[in-house]
**Q** 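Shown below is the structure under consideration.
So that the names make sense, note that chain A is the first sequence line, chain B the second, and so on, each numbered from 1.
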Protein chains: 2
Amino acid sequence: MAQQQVDGARRAPLSRDRVLHAAVALADHAGVDSVSMRNLAQELGVVPMALYKHVANKEELLDGMVDVVVGEIDPPADGADWKSAIRQRILSARRALERHPWSSRVIESRPKPTPVVLDYLNSIVGMFRAGGFSVDLTHHVMHALGSRVWGFTQELFPASPLPEDPETQAAGFRELASRYPHIAEIAMAAAHDDESVVGQGCDDEYEFQFALDLLLDGFDNLHRQGWTSRGTGS
Amino acid sequence: MAQQQVDGARRAPLSRDRVLHAAVALADHAGVDSVSMRNLAQELGVVPMALYKHVANKEELLDGMVDVVVGEIDPPADGADWKSAIRQRILSARRALERHPWSSRVIESRPKPTPVVLDYLNSIVGMFRAGGFSVDLTHHVMHALGSRVWGFTQELFPASPLPEDPETQAAGFRELASRYPHIAEIAMAAAHDDESVVGQGCDDEYEFQFALDLLLDGFDNLHRQGWTSRGTGS
DNA sequence: ACCTGAACACCGTTCAAGT
DNA sequence: ACCTGAACACCGTTCAAGT
């Protein structure tokens with residue numbers, strides 16, 4: 001009875017929402033790998049099997065976590081032209097996903113989209129259509145955007161922490177430069193406005209916007225030219 | 001002794017190479033999820049711990065599997081202009097990765113590139129440089145390419161098998177259309193030259209080349225304009 | 001010195017036994 | 001009827017015991 005009391009005080013009644021937000025918080029501060037059914041249950045002061053009343057299985061848990069993050073994306077700004085409206089929205093998605101560093105990886109891993117995900121994608125498609133894009137062009141343009149609709153790109157060189165010692169760092173760079181001269185060259189260029197000789201020099205935000213704008217401008221051109229999949233021209 | 005004989009006949013001496021190729025073959029025909037140290041060992045007629053003499057741990061095994069796939073990419077064609085040379089090379093990478101459907105996902109999941117991966121990336125960077133691209137532009141262009149250097153794109157709508165019954169299929173589509181009209185619209189467009197009403201209609205190869213060419217043409221324009229990260233013009 | 005079976009510390013999920 | 005502890009079928013990896 002006293003035991004009952006303690007338990008009652010400690011846990012608010014479990015709900016799907018509470019489970020999902022606890023999972024997001026756990027992933028945020030301890031990494032997504034530590035989100036196991038057992039771990040999460042413990043975090044909630046609950047027996048593992050209790051979670052299964054609110055999510056069917058781990059897959060559904062991950063879907064729900066994605067929904068929480070996607071729910072943080074701002075609604076479309078109205079009154080803007082298609083290009084800046086889409087640009088803004090995608091950058092808002094980027095902000096949301098940045099708050100939860102595990103989320104891009106989890107989004108990519110989901111085998112099928114949830115309704116929340118479909119809502120977001122549907123609205124982006126709608127923004128191209130509202131901008132006058134043909135159904136045909138919009139279709140291809142969505143494919144070309146790919147995971148960039150979510151505001152992220154798979155990094156080819158995930159930033160790994162540099163060794164503390166500047167001597168080992170320099171030695172590492174010399175080895176890189178001798179084996180992979182072209183990579184070393186562009187890595188140097190990235191570090192131009194930075195103290196370190198290599199790496200950490202890439203400005204992710206700049207790179208993302210560079211690529212996004214390149215794509216949006218490309219879309220714009222095709223649209224103006226009246227592009228269709230059966231040949232250019234109207 | 002007879003036991004010894006049987007074992008001796010069954011297993012060629014284990015080597016790193018044999019381990020990696022067995023892992024690739026196992027992933028090819030049974031899915032990457034079934035590549036566990038225990039499963040792979042059994043496939044090779046060996047005790048699990050025997051693998052650890054050839055790969056330090058599972059991470060290194062996955063790196064090695066990626067190296068096998070990347071090793072199948074054709075060397076650069078010479079004598080071509082940068083654009084068609086890079087285009088060809090990336091499409092060759094696409095062919096290699098298509099032969100091993102698990103590989104794009106595994107490549108994305110690797111925390112740091114292997115020497116084999118760096119060799120490939122280095123050579124692509126070199127091809128832009130040989131085409132006259134500045135170090136600066138080449139750097140940004142590599143980021144913009146992202147995982148498309150490997151010949152794949154993260155699909156937003158992974159093709160899920162359609163229900164057999166055409167009636168349930170039509171009902172599913174009606175529901176999609178009422179909740180996500182814009183998505184339904186472009187899905188319809190994709191299916192134009194196809195029997196099915198939705199899905200399976202996207203020609204992955206077309207979409208990939210559409211986006212790749214859009215990017216390469218964009219790069220070309222910037223290059224011709226003498227683009228630099230500190231403003232346009234020379 | 002080499003090899004390996006058993007063990008450790010985990011998983012997600014099932015299911016039967018308990019209330 | 002509801003809840004849950006124990007169990008099942010897995011993981012990757014360590015380590016000590018055996019040859």
**Q** In this structure, how many angstroms lie between the P atom of C:dT14 and the OH atom of A:Y52, rounded?
**A** 7 Å
**Q** To the nearest 0.5 angstrom, please state how far the CD atom of A:Q209 sits from the CG atom of A:L216.
**A** 10.5 Å
**Q** Identify the stems formed by DNA chain C, where each pair is Watson-Crick or G-U wobble with both distances under 3.5 angstrom and a stem is at least 3 consecutive pairs.
**A** C:4-8 with D:12-16, C:12-16 with D:4-8
**Q** If the P atom of D:dA9 is compared with that of C:dA9, how far apart are they to the nearest Å?
**A** 22 Å
**Q** Rounded off to whole Å, could you give me the CG-to-C1' distance for the A:L14 and D:dT4 pair?
**A** 14 Å
**Q** How long is the line joining CZ of A:R38 and C1' of D:dA9, in whole Å?
**A** 12 Å
**Q** Which whole number of Å gives the distance between the P atom of D:dG18 and that of C:dC8?
**A** 16 Å
**Q** Please report the distance, rounded to the nearest Å, between CE in B:M37 and P in D:dC10.
**A** 18 Å
**Q** Report yes or no: does A:S92 contribute a side-chain atom to a donor-acceptor pair with the main-chain N or O of A:D74 at less than 3.5 Å?
**A** yes
**Q** Check whether any side-chain N or O of B:N39 sits under 4.0 Å from OP1 or OP2 of D:dC10, and answer yes or no.
**A** no
**Q** List the steps and the verdict of salt bridge (Lys or Arg N to Asp or Glu O under 4.0 Å) for B:R16 and B:E60.
**A** CA-CA 11 Å; B:R16 184 181 163 90; B:E60 201 182 291; 2.8 Å; yes
**Q** Do A:D63 and A:T114 have side-chain N/O donor and acceptor atoms under 3.5 Å apart?
**A** no
**Q** Of the residues in residues 54-65 of chain A, which ones touch DNA chain C at a heavy-atom distance under 4.0 Å?
**A** A:N57, A:K58
**Q** Taking CG from B:L51 and C1' from D:dT14, how many angstroms apart are they, rounded to a whole number?
**A** 15 Å
**Q** First locate atom CZ of B:F210, then atom CG of B:D203, and finally report the distance between them rounded to the nearest 0.5 Å.
**A** 13.0 Å
**Q** After noting the C-alpha distance and the side-chain angles of B:E98 and B:R95, does the key distance pass the salt bridge (Lys or Arg N to Asp or Glu O under 4.0 Å) rule?
**A** CA-CA 5 Å; B:E98 271 174 347; B:R95 296 291 93 76; 3.2 Å; yes
**Q** Could you state the atom-to-atom distance from CD of B:Q42 to P of D:dG12 in whole Å?
**A** 13 Å
**Q** So does B:V149 get a backbone contact from the side chain of B:Y120, meaning a donor-acceptor N/O pair under 3.5 Å?
**A** yes
**Q** What's the CG-C1' distance between B:L40 and D:dG12, to the nearest Å?
**A** 13 Å
**Q** What nucleic acid atoms does B:M49 come within less than 4.0 Å of, heavy atoms only: base, sugar-phosphate, or nothing?
**A** base
**Q** When the ring centroid of B:Y206 is compared with that of A:H140, is the distance short of 6.0 Å?
**A** yes
**Q** Could you list the residues that satisfy ring-ring contact (aromatic ring centres under 6.0 Å, His included) with B:H143, not counting sequence neighbours?
**A** B:H139
**Q** To the nearest Å, how far apart are B:L44 CG and C:dC3 P?
**A** 16 Å
